[in-house]
2 protein chains.
Amino acid sequence: MDKDMSYEEYVEQVRQGILTSSGNCPVTPLLVMLQGKWKFQIIYELCIKGQIRFGELKKSLAGITNTMLTSSLRELERDGLVSRVQFNEIPPHVEYSLTERGKALLPVFYAMTKWGFEYIP
Amino acid sequence: MDKDMSYEEYVEQVRQGILTSSGNCPVTPLLVMLQGKWKFQIIYELCIKGQIRFGELKKSLAGITNTMLTSSLRELERDGLVSRVQFNEIPPHVEYSLTERGKALLPVFYAMTKWGFEYIP
DNA sequence: CGGAATCCGAGCGGATACTG
DNA sequence: CAGTATCCGCTCGGATTCCG
C-alpha cells in the first residue's frame, strides 16, 4: 500500500489489521518526532514566520530556555523537519526554517485542528 | 473560525499567525493526550478489534505491563477517547472500546500515515 | 548572538508481588 | 480476570553559568 491510498482504503486496512501500530504503520515514528514539550510550538512558529533567528524564536516561545530550544531544534534538524543555516558573521547569525518534509506536516495539523474544534470544548 | 474550515483557509490562518500553538489552536492538547509509550498502539488495537477485554489487549501489546496498560487506559478514558464497560461477574469481565471522540481520530492518523509513507524511508 | 556545559528535581516507565 | 500497591532507575525538562 502506498501514499496515494484513499481514506476509505486506509480505514479498511486498519479494520482488517493490515496496518499495525508496531509494524508497517509509520504513525509511531512521527509521534516520537513530535514528542517533547516544545516541538509542536516550534514547528508552528516556523510555519508562521517562514524563517527566523534563534533569538526571535526564543522570544516567541514564552518560557523556553536556551537548553530546551537548542536541543529541540537539534532533534528536529536530525529528523529532517527543520533546516539550520549558519552565517559566519560576528556577531553570530543563524536562521531556522522548515524543510519540505516539515512543511508537509501541515495536513496532519489541519486534521488535528479539525478534530480539536469539534471535540475540545 | 470553526470546524468546517477548508485546508486552504487553515493554511492562511496559520500563515497570518491567527491560529497560535499556545493559544486558540487545539493541537497541543491532542498531542498531550497521545503522549506516552503505548497510547497510540492501544487506540490502534481498539480500531482493529472494535471491542476487547483487558487480557486480550495485553496480549496484543507485546511487552506492556499491567501498570502501564491500566494507567494508559485510565488516561484515555479520562480524556474521553476510550470507554470502559464493566460486567459484574466472577471472574471479572471488562470491555474496552473507542468512543465517538476516539473514532474521530482516524482522519488524523490517516494524514500521519500518508505523511509517513512519503517521508519515512 | 547563539549557543555549550553542568547540575538537579520530578515524574514517567517498568518490575515485582499481591488481591477481590 | 483484571487489576492495585510498592519500589526503583532513568530520562526529560529546567536553572544556572560560561564561552567563541
Side-chain angles (χ1 to χ4, degrees), chain A residues 21-22 28-46 49-79 81-98, chain B residues 21-22 28-46 49-79 81-98:
Chain A
S21 61
S22 52
T28 307
L30 177 54
L31 283 173
V32 170
M33 288 181 198
L34 297 179
Q35 255 168 22
K37 192 171 179 183
W38 302 96
K39 295 273 183 72
F40 174 67
Q41 292 186 54
I42 291 172
I43 292 180
Y44 231 79
E45 285 303 317
L46 292 176
K49 304 289 175 55
Q51 192 149 0
I52 189 170
R53 299 181 61 163
F54 185 90
E56 279 295 309
L57 194 48
K58 189 181 171 186
K59 269 192 277 185
S60 305
L61 302 167
I64 197 170
T65 59
N66 287 345
T67 315
M68 284 310 298
L69 182 50
T70 300
S71 70
S72 301
L73 283 169
R74 289 285 186 276
E75 289 176 23
L76 289 171
E77 194 190 357
R78 178 203 62 196
D79 294 337
L81 302 178
V82 161
S83 88
R84 176 181 186 273
V85 177
Q86 178 174 351
F87 301 84
N88 286 319
E89 306 172 356
I90 294 179
H93 179 178
V94 179
E95 294 273 0
Y96 291 97
S97 58
L98 289 181
Chain B
S21 62
S22 51
T28 307
L30 177 54
L31 283 173
V32 170
M33 287 182 198
L34 297 179
Q35 253 169 24
K37 192 170 178 183
W38 301 97
K39 294 273 182 73
F40 174 67
Q41 292 186 52
I42 290 172
I43 292 180
Y44 233 79
E45 284 302 316
L46 292 176
K49 303 289 174 56
Q51 191 151 0
I52 189 169
R53 300 181 61 161
F54 185 90
E56 279 296 309
L57 194 49
K58 190 180 172 189
K59 270 192 276 185
S60 305
L61 302 167
I64 198 171
T65 58
N66 286 345
T67 314
M68 285 309 299
L69 182 50
T70 300
S71 70
S72 301
L73 283 169
R74 290 284 187 274
E75 289 176 25
L76 290 171
E77 194 189 357
R78 179 203 62 198
D79 294 335
L81 302 178
V82 161
S83 87
R84 175 181 187 274
V85 176
Q86 178 174 352
F87 300 83
N88 286 319
E89 306 172 354
I90 295 180
H93 178 179
V94 179
E95 293 272 0
Y96 291 96
S97 58
L98 288 182

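Source: prediction; values computed, not measured.
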Select base, sugar-phosphate, or nothing to describe what B:Pro91 touches, counting heavy atoms under 4.0 Å on all strands.
sugar-phosphate

Of the listed C:dG3, D:dA2, C:dG2, the closest approach to the B:Pro92 side chain comes from D:dA2

Answer yes or no: side-chain N or O of A:Thr67 and base N or O of D:dA15 forming a donor-acceptor pair under 3.5 Å.
yes

Name the closest nucleotide to the B:Arg84 side chain, picking from D:dA2, C:dA4, D:dT4.
D:dA2

Please give, in whole Å, the distance from C:dG13 P to B:Leu69 CG?
13 Å

Output the rounded distance in Å from CD1 (B:Ile42) to C1' (C:dG13).
13 Å

Of the nucleotides D:dG13, C:dG14, C:dA4, which has the atom closest to the B:Lys37 side chain?
C:dG14

Using a cut-off of less than 4.0 Å, is there contact between a side-chain N or O of A:Trp38 and OP1 or OP2 of D:dC12?
no

When rounded to whole Å, the NZ to C1' distance for the pair B:Lys59 and D:dG3 reads 16 Å

Indicate whether OP1 or OP2 belonging to C:dC1 is found under 4.0 Å from a side-chain N or O atom of A:Arg53.
no

Among D:dA2, D:dA15, C:dG3, which nucleotide has an atom closest to any side-chain atom of B:Phe54?
D:dA2

Tell me which one of A:Glu56, A:Arg84, A:Glu77, A:Arg53 satisfies side-chain hydrogen bond (donor to acceptor under 3.5 Å, both in side chains) with A:Tyr96.
A:Arg84

Partner of B:Gln41 by side-chain contact (heavy atoms from CB on, under 4.5 Å), out of B:Leu57, B:Ile64, B:Leu46, B:Leu61:
B:Leu61

Whole Å only: how far is the CD atom of A:Gln41 from the C1' atom of D:dG13?
14 Å

Short side-chain N/O contact from A:Tyr96 to OP1 or OP2 of C:dC1, under 4.0 Å
no

Integer-rounded Å distance: D:dT11 P and A:Glu75 CD
14 Å

Test your reading of the model: is there a side-chain donor-acceptor pair from B:Lys49 to the backbone of B:Glu45, 3.5 Å cut-off?
no

Would you mind classifying the nucleic acid contact of A:Phe87 as base, sugar-phosphate or nothing, using non-hydrogen atoms under 4.0 angstrom?
nothing

Any idea which heavy atoms bring A:Gln51 and A:Ser97 closest together, and the distance?
CA-CB, 4.3 Å

Rounded distance (Å) that lies between atom P of D:dA2 and atom CD1 of B:Ile90
13 Å

Check whether any side-chain heavy atom of A:Leu98 sits under 4.5 Å from a side-chain heavy atom of A:Val82, and report yes or no.
yes

Examine distances only and state if a side-chain atom of A:Thr28 and a backbone atom of A:Ser21 form a donor-acceptor pair shorter than 3.5 Å.
yes

Could you tell me the separation between the CG atom of B:Asn66 and the P atom of D:dA2, rounded to a whole number of Å?
10 Å

OG1/A:Thr65 to CH2/A:Trp38 distance, rounded to the nearest 0.5 angstrom?
8.0 Å

Give me, pair by pair, the N or O atoms of the protein and of nucleotides 7-10 of chain C that are less than 3.5 Å apart, along with how far apart they are.
none

Indicate whether OP1 or OP2 belonging to C:dG2 is found under 4.0 Å from a side-chain N or O atom of A:Arg74.
no

Interatomic distance, A:Gln35 CD vs C:dC12 P [rounded to whole Å]
13 Å

Evaluate B:Gln35 against A:Gln35 for side-chain contact (heavy atoms from CB on, under 4.5 Å), listing each step before the verdict.
CA-CA 7 Å; B:Gln35 253 169 24; A:Gln35 255 168 22; 3.9 Å; yes

